[in-house]
Amino acid sequence: MEELSGQNLNACNQCLKCTAGCSFVDNMDLLPNQVIRCIQLGQEDEVMKSKTPWLCASCFTCVTRCPKGVDLSRIMEAIRTLLLRQGKEHINLSGSEFKLPADAPQQLFVSGSRKLSG
Ligand code: SF4
Ligand code: SF4
């Protein structure tokens, strides 16, 4: 995870500033700071089965708030990359069952393309 993300996970001191600023925590089953804590404790399985990495919009709010310089969006991307390498996709965008709303915002495409970079 550290190699893929380029982040020092032990730098995180669980101050919660990332979680306090994230707009998507209401729907996350692991809070952004908890994702890091699980990895610090060797509980990667909890992270890999969580829907949180897929809900992360790579908005960088947490990155700008972190006093320790931890880039959580890169960590979320690393998790998604590992899952995609294992063939575990949350949504198959190329599948016929996926219908993109006509009024989908541009941010959706930006976020989606970032999530598919693995
Ligand atoms: S803001 Fe940074 S140091 Fe604080 S919990 Fe989040 S990742 Fe860790
Ligand atoms: S990059 Fe992801 S985890 Fe960080 S604030 Fe945005 S949605 Fe939340």
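Residue numbers count from 1 along this sequence. Scope of the values below: all heavy atoms of this structure, side chains included, with no hydrogens, waters or symmetry mates. Read the numbers this way: they start at 1 and go in the same order the structure lists the ligands and their atoms.
If you number the atoms of ligand 2 from 1 as listed, the ones under 4.0 Å from a heavy atom of Phe60 come out as 1 (S), 6 (Fe). Atoms of ligand 2 lying under 4.0 Å from at least one heavy atom of Phe24, given by number and element, are 7 (S). Short contacts between ligand 2 and Thr61, defined as distances under 4.0 Å to a heavy atom of the residue, involve ligand atoms 5 (S). Listed by number with element, the atoms of ligand 2 under 4.0 angstrom from any heavy atom of Ala57 are 2 (Fe), 7 (S).
Ile36 CD1, 3.5 Å is the protein heavy atom nearest to atom 7 (S) of ligand 1. Counting protein heavy atoms only, atom 6 (Fe) of ligand 2 is closest to Cys59 SG, 2.3 Å. At the shortest separation from atom 8 (Fe) of ligand 2 among protein heavy atoms lies Cys22 SG, 2.4 Å.
Only the backbone of Ser58 comes within 4.0 Å of ligand 2, judged by heavy-atom distances.
Counting heavy atoms from C-beta outward, Thr52 and Met76 have side chains that approach closer than 4.5 Å. Pro32 has its side chain within reach of Cys22: a pair of non-hydrogen atoms, C-beta onward, lies under 4.5 Å apart.
When all heavy atoms of Asp71 and Ser73 are compared, the closest pair comes out as OD1-OG, 2.6 Å. Looking at every heavy atom in both residues, Trp54 comes nearest to Lys88 through CZ2-O, 3.6 Å.
To the nearest 0.5 angstrom, Gln14 atom CD is 7.0 Å from Ile36 atom CD1.
Counting heavy atoms of neighbouring residues, nucleotides and ligands inside a 6.0 Å radius, atom CZ of Arg74 does not exceed 12 of them.
A side-chain donor-acceptor contact under 3.5 Å links Thr81 to the backbone of Glu77. In terms of modelled atom types and a separation under 3.5 Å, the side chain of Gln40 and the main chain of Cys12 share a donor-acceptor contact.
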Legend entry - Evaluation steps, side chain to side chain donor-acceptor pair (under 3.5 Å), between Arg37 and Gln34: CA-CA 5 Å; Arg37 191 62 180 145; Gln34 290 175 329; over 6 Å; no

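The side chain to side chain contact (heavy atoms under 4.5 Å, CB included) test with Val35 singles out one residue from Leu30, Leu9, Thr19, and that residue is Leu30.
Around atom 4 (Fe) of ligand 1, the protein N, O or S atoms closer than 2.8 Å are Cys15 SG, listed by chain and residue number.
Relative to atom 5 (S) of ligand 2, the option among Cys56, Ala20, Cys62, Pro32 with the closest non-hydrogen atom is Cys62.
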